[in-house]
Amino acid sequence: MSFNSLGLSDALLKAVSKKGYSTPSPIQQKAIPPILEGKDVLASAQTGTGKTAGFTLPILQLLSQGQQLRQRPIRALILTPTRELAAQILANIKEYSEFLDIRSTVIFGGVNQNPQVTQLRQGIDILVATPGRLIDLQNQGLISLAKVEILVLDEADRMLDMGFVRDIERIIKVLPSKRQNLMFSATFSKDIKKLAMGILHHPVHVEATPENTTVDAIIQKVYPVAKEKKTELIIKLITEGNWKQILVFTRTKQGANKLTESMISAGIKAAAIHGNKGQGARTKALAGFKDGSLTALVATDIAARGLDIPLLPHVVNFELPNIPEDYVHRIGRTGRAGASGEAISLFSPDETIFLRDIEKLVGLKLPVENIKGFEPDPNASKEPIKQGQGRQQRNSTPKKPKTDTTNRSSNNSFGPRRPSQNNDRRSNR
Ligand code: AMP
């Protein structure tokens with residue numbers, strides 16, 4: 001199948017060809033036609049499948065065909081969980097709309113709102129936003145969503161995990177009730193299905209990869225290793241394997257910092273990216289990782305969400321995630337858009353339950369390889385870790401959560417957020 005056969009306009013085909021895409025990815029083939037028909041779409045797709053173009057291209061086409069109003073009200077609203085993802089989506093929109101008269105911008109928290117407000121005042125057709133900043137500007141009367149024709153909820157599962165459900169509900173209340181809705185999610189929990197049912201009308205379901213299964217192009221391996229030897233092992237893998245670009249996941253922000261320091265001491269160019277890092281540091285780390293001046297990016301799940309790093313060869317789970325869906329998200333950073341990649345999990349005995357949960361979710365027994373000199377003590381405890389974000393908290397009653405608020409602004413007069421249990425589980429990330 002070619003992009004020509006999807007019914008896209010010449011201006012869009014030109015932009016796609018300039019990007020160097022020759023064939024539409026599976027999610028693009030499946031999602032673009034129903035979106036062009038004006039239908040609601042519920043798509044199962046993770047980052048790396050080409051989903052951004054899957055919704056951006058048809059939206060651009062619909063908006064450029066529609067009537068251009070002199071005032072240029074916001075006609076398409078794209079909600080995303082993280083600033084990085086928001087910025088990436090805008091960058092894609094700009095590229096795809098190069099040959100169209102469409103204006104787009106992005107708003108997110110953590111930076112001065114004034115330049116964003118100035119942009120909005122000039123008239124914007126497509127707005128990409130994280131929920132917190134959008135609500136702030138809405139409350140200040142600086143933004144009107146009364147003319148929105150298309151709503152996109154991108155990475156809906158992560159938005160719920162990050163406690164944005166009430167924000168989403170509040171934003172939806174101020175949108176026109178007649179609109180087209182598109183929802184993208186990598187995983188489909190009961191909560192996601194409930195959210196979808198409340199927002200979408202007779203949606204067309206499209207799937208890039210089967211639900212909660214991992215991409216075939218990814219070689220997955222589990223290395224059993226004594227907990228105290230994980231740092232030594234990852235340094236050995238990077239240096240002896242001469243790895244040039246590796247994304248490493250830790251469970252906590254503190255863990256990310258500690259590992260980064262050890263890597264730097266071992267001569268590996270590394271940086272950490274997590275919720276305690278300012279926007280400047282996060283952008284710098286990501287840019288360094290993309291241009292090759294950094295070898296390793298050490299990230300927590302929330303910070304890494306939605307990062308678009310094409311053709312990433314290696315992903316390492318320094319610690320297994322205690323939320324099994326995160327495993328699918330993490331390894332989705334490799335083997336992207338048809339390229340093969342390797343996802344390695346360093347697995348210590350106290351993570352036995354996490355591994356079992358992951359294997360249950362993906363429906364696979366992950367291949368185990370032992371590395372001589374690093375094997376864990378066969379008698380080591382298999383009890384889950386007690387400190388940090390241990391599994392014990394999964395079923396406990398949430399205490400007052402300390403959420404990663406990197407995308408949030410405290411100035412939210414819509415009232416307090418009700419913390420989800422997931423916030424509690426993720427509070428240390
Ligand atoms: P996404 O899943 O939207 O984050 O896209 C992942 C990566 O795939 C991005 O770097 C896109 O530029 C790239 N991409 C999107 N569509 C295509 C396509 N049809 N062919 C090749 N690469 C693509």
Side-chain angles (χ1 to χ4, degrees), residues 212-243 246-252 254-256 258-260 262-263 266 268 270 295-301 304 312-335 340-394 425 428-429:
N212 292 343
T213 58
T214 44
V215 186
D216 287 344
I218 303 170
I219 300 160
Q220 301 173 69
K221 286 183 197 161
V222 173
Y223 292 160
V225 54
K227 198 173 187 59
E228 62 283 2
K229 288 203 169 166
K230 281 190 174 186
T231 305
E232 194 188 331
L233 177 57
I234 195 167
I235 289 171
K236 176 184 153 81
L237 291 171
I238 296 172
T239 46
E240 293 185 5
N242 201 17
W243 291 357
I246 162 182
L247 181 60
V248 185
F249 285 93
T250 58
R251 243 186 333 255
T252 65
Q254 294 82 347
K258 209 168 144 220
L259 178 60
T260 306
S262 305
M263 285 180 168
I268 297 168
T295 302
L297 190 64
V298 184
T300 55
D301 290 287
L312 191 61
H314 304 283
V315 167
V316 173
N317 295 312
F318 185 75
E319 289 150 333
L320 287 181
N322 54 333
I323 297 167
E325 284 83 0
D326 282 346
Y327 178 82
V328 179
H329 288 300
R330 288 178 178 191
I331 73 160
R333 315 293 107 189
T334 186
S340 69
E342 191 177 45
I344 288 174
S345 298
L346 306 190
F347 158 66
S348 53
D350 59 354
E351 295 171 313
T352 300
I353 296 171
F354 302 160
L355 181 62
R356 197 197 60 199
D357 285 355
I358 290 165
E359 290 182 332
K360 212 160 108 192
L361 178 77
V362 300
L364 278 179
K365 186 110 190 74
L366 299 178
V368 173
E369 278 181 32
N370 286 299
I371 301 193
K372 215 169 167 324
F374 289 89
E375 301 94 336
D377 176 351
N379 299 319
S381 166
K382 293 195 166 118
E383 279 301 299
I385 37 162
K386 293 264 185 325
Q387 90 285 6
Q389 289 303 289
R391 183 187 160 88
Q392 290 84 349
Q393 295 180 7
R394 294 184 65 168
R425 282 196 257 156
N428 207 15
R429 296 171 179 215

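This structure is a prediction, so every number in the text was calculated from the model and none was measured. Residue numbers start at 1 and run along the sequence shown.
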Who passes side chain to side chain contact (heavy atoms under 4.5 Å, CB included) against Glu228, sequence neighbours left out?
Ala226

Side chain to side chain contact (heavy atoms under 4.5 Å, CB included) with Lys221: which residues, sequence neighbours excluded?
Ile219, Tyr223, Glu342, Ile344, Glu369

For Lys372, all residues meeting salt bridge (charged side-chain N to carboxylate O under 4.0 Å, His left out), sequence neighbours excluded
none

Would you compute the distance between atom [atom1] of [X] and atom [atom2] of [Y] and round it to the nearest 0.5 angstrom?
X	Y	atom1	atom2	value
Leu320	Ile353	CG	CD1	12.0 Å
Ile358	Tyr327	CD1	OH	6.5 Å
Glu325	Asp301	CD	CG	11.0 Å

Those residues at least two apart in sequence (or on a different chain) that pass side-chain hydrogen bond (donor to acceptor under 3.5 Å, both in side chains) with Ser345 are Asn317

side-chain hydrogen bond (donor to acceptor under 3.5 Å, both in side chains) partners for Glu375, two or more places apart:
none

So do Thr295 and Met263 actually touch side chain to side chain, heavy atoms under 4.5 Å?
no

Under 3.5 Å, side-chain donor or acceptor atoms of residues 229-242 against the rest of the protein: list the pairs with distances, not counting sequence neighbours.
residue: Lys229; atom: NZ; partner: Gly373; partner atom: O; Å: 2.9
residue: Lys230; atom: NZ; partner: Phe318; partner atom: O; Å: 2.8
residue: Lys230; atom: NZ; partner: Leu346; partner atom: O; Å: 3.1
residue: Lys230; atom: NZ; partner: Glu351; partner atom: OE1; Å: 2.9
residue: Lys230; atom: NZ; partner: Glu351; partner atom: OE2; Å: 3.3
residue: Lys236; atom: NZ; partner: Glu240; partner atom: OE1; Å: 3.2
residue: Thr239; atom: OG1; partner: Ile235; partner atom: O; Å: 2.6
residue: Thr239; atom: OG1; partner: Lys236; partner atom: O; Å: 3.4
residue: Asn242; atom: OD1; partner: Lys244; partner atom: NZ; Å: 2.9

Test side-chain contact (heavy atoms from CB on, under 4.5 Å) applied to Ile246 and Val315, step by step:
CA-CA 6 Å; Ile246 162 182; Val315 167; over 6 Å; no

Should Ile371 and Val225 be marked as a side-chain contact (heavy atoms from CB on, under 4.5 Å) after you check the CA-CA gap, both sets of side-chain angles, and the distance that decides it?
CA-CA 8 Å; Ile371 301 193; Val225 54; over 6 Å; no

